[in-house]
Amino acid sequence: MATSWNVEIDGSYYKVEYINNKKAVVDGQKLKLTDYKVKTGIVQMEYDIPVGPKSARLVITTLKQPQLVIDGRDCVSGAEYVPIKIPIWAYIFIVLHCIDLIYGALGGGLAAVGILATVSVATNNKMNIALKILINLAILIVINVILFGIAFILTSLM
């Protein structure tokens with residue numbers, strides 16, 4: 001899967017492509033992303049890559065389209081780029097989801113789904129904090145109901 005941007009810098013146009021989570025191509029020049037990594041987090045990786053005379057930030061976020069940021073602005077929307085920051089309270093939900101890991105592969109899979117959903121909701125800037133906490137609480141409850149429901153069904157079949 002490739003994502004591409006056509007950007008103008010100082011009157012010159014550049015084509016930037018992001019390909020297969022491993023490389024970027026700037027006007028035909030292949031760049032190995034591991035050479036440019038700036039920051040890695042739970043849900044996001046950032047790479048500072050050269051685009052003409054400037055440095056662009058390629059932002060790869062879990063479950064979202066990649067972003068190319070030049071001079072602090074998203075190249076597609078023109079909006080100011082704000083890095084994702086996971087609030088402290090979200091880590092409580094992440095730890096509670098990690099407890100499900102003791103239930104084996106099924107618990108691990110549901111924990112991963114819960115963690116991704118928690119981070120996605122917690123980093124959404126369009127919701128207020130009370131709604132985010134309620135949604136994360138609902139996610140935690142639903143995942144545990146599913147986990148214990150499956151465990152109950154399996155034990156009653158034996």
Side-chain angles (χ1 to χ4, degrees), residues 1-98 100-101 105-140 142-143 146-147:
M1 180 181 107
T3 304
S4 64
W5 301 268
N6 291 310
V7 295
E8 178 188 2
I9 300 174
D10 300 331
S12 298
Y13 290 91
Y14 301 91
K15 182 174 184 174
V16 179
E17 295 177 278
Y18 168 64
I19 303 170
N20 294 337
N21 298 329
K22 295 179 183 173
K23 61 183 171 184
V25 179
V26 179
D27 278 345
Q29 179 187 0
K30 293 180 182 177
L31 306 174
K32 202 167 135 184
L33 290 178
T34 54
D35 296 338
Y36 298 95
K37 193 175 288 187
V38 174
K39 189 167 52 169
T40 301
I42 292 176
V43 294
Q44 179 171 298
M45 291 183 294
E46 298 179 0
Y47 304 92
D48 277 344
I49 59 173
V51 177
K54 295 197 176 197
S55 179
R57 182 153 294 181
L58 179 60
V59 181
I60 314 303
T61 306
T62 307
L63 302 176
K64 291 185 182 177
Q65 283 289 90
Q67 288 179 288
L68 187 67
V69 178
I70 298 177
D71 294 332
R73 297 259 175 221
D74 185 312
C75 289
V76 173
S77 67
E80 183 177 348
Y81 170 66
V82 179
I84 290 178
K85 184 174 188 293
I86 300 173
I88 299 295
W89 57 264
Y91 287 101
I92 295 168
F93 287 101
I94 291 171
V95 168
L96 291 172
H97 284 296
C98 287
D100 291 339
L101 292 172
L106 180 62
L110 288 171
V113 168
I115 290 168
L116 286 174
T118 293
V119 170
S120 179
V121 169
T123 58
N124 185 338
N125 295 328
K126 296 176 184 172
M127 287 188 240
N128 67 34
I129 190 167
L131 182 59
K132 290 179 189 181
I133 291 173
L134 286 174
I135 291 172
N136 276 305
L137 187 59
I139 291 168
L140 184 66
V142 166
I143 284 180
I146 291 170
L147 183 62

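Residue indices begin at 1 and follow the sequence shown. Just so it is clear, the structure is predicted and the values come from calculations on it, not from any experiment. These values consider heavy atoms only, across backbone and side chains, with no hydrogens, waters or symmetry-generated copies.
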For Ala24 against Leu33, the heavy-atom pair lying closest together: CB-CD2, 3.9 Å
Considering only heavy atoms from C-beta outward, does the side chain of Tyr47 approach that of Asp35 to under 4.5 Å? no
Keeping the roles fixed (side chain from Lys132, backbone from Asn124), state whether a donor-acceptor pair exists under 3.5 Å. yes
Got a second to check how far Leu101's CG is from Leu106's CG, nearest 0.5 Å? 11.5 Å
Of the non-hydrogen atoms in Asn136 and Ala117, which two are nearest, and what is the gap between them? OD1-O, 4.3 Å
Could you list all the salt bridge (Lys or Arg N to Asp or Glu O under 4.0 Å) pairs where at least one residue sits in residues 6-16, not counting sequence neighbours? none
Approximate separation, where rounding is to 0.5 Å, of Ile129 CD1 and Ile133 CD1: 4.5 Å
Look at the side chain of Ser120 and the backbone N and O of Leu116, then say whether any donor-acceptor pair between them is shorter than 3.5 Å. no
Say you draw a straight line from CD1 of Ile94 to CG of Leu140; how long is it, rounded to the nearest 0.5 Å? 11.5 Å
Rounded to the nearest 0.5 Å, what separation is found between the CG atom of Asp100 and the CD1 atom of Ile115? 9.0 Å
Is there side-chain contact between Asn6 and Cys75, with at least one heavy-atom pair below 4.5 Å? no
Interatomic spacing from CD1 in Ile70 to CD1 in Ile49 - rounded to 0.5 Å: 8.0 Å
With sequence neighbours left out, what residues match Asp48 under side-chain hydrogen bond (donor to acceptor under 3.5 Å, both in side chains)? Arg57
Going by heavy atoms in the side chains, are Lys23 and Lys30 under 4.5 Å from each other? yes
Working to the nearest 0.5 angstrom, can you tell me the gap between Ile143 CD1 and Leu96 CG? 11.5 Å
Do Leu58 and Glu46 come close enough that some side-chain heavy atom pair is under 4.5 Å? no
Heavy-atom distance under 4.5 Å between the side chains of Leu137 and Phe93, does that happen here? yes
Provide the full list of salt bridge (Lys or Arg N to Asp or Glu O under 4.0 Å) pairs with a residue in residues 70-88, sequence neighbours left out, each pair given once. Lys54-Asp71
Might you work through the side chain to side chain contact (heavy atoms under 4.5 Å, CB included) test for His97 and Thr118, ending with a clear yes or no? CA-CA 9 Å; His97 284 296; Thr118 293; 3.2 Å; yes
Any side-chain heavy-atom pair of Trp5 and Tyr14 under 4.5 Å: no
Are Val25 and Ser4 side-chain neighbours, meaning at least one heavy-atom pair lies under 4.5 Å? no
Would you say that Val76 contacts Gln67 through its side chain, given a criterion of any heavy-atom pair below 4.5 Å between the two side chains? no
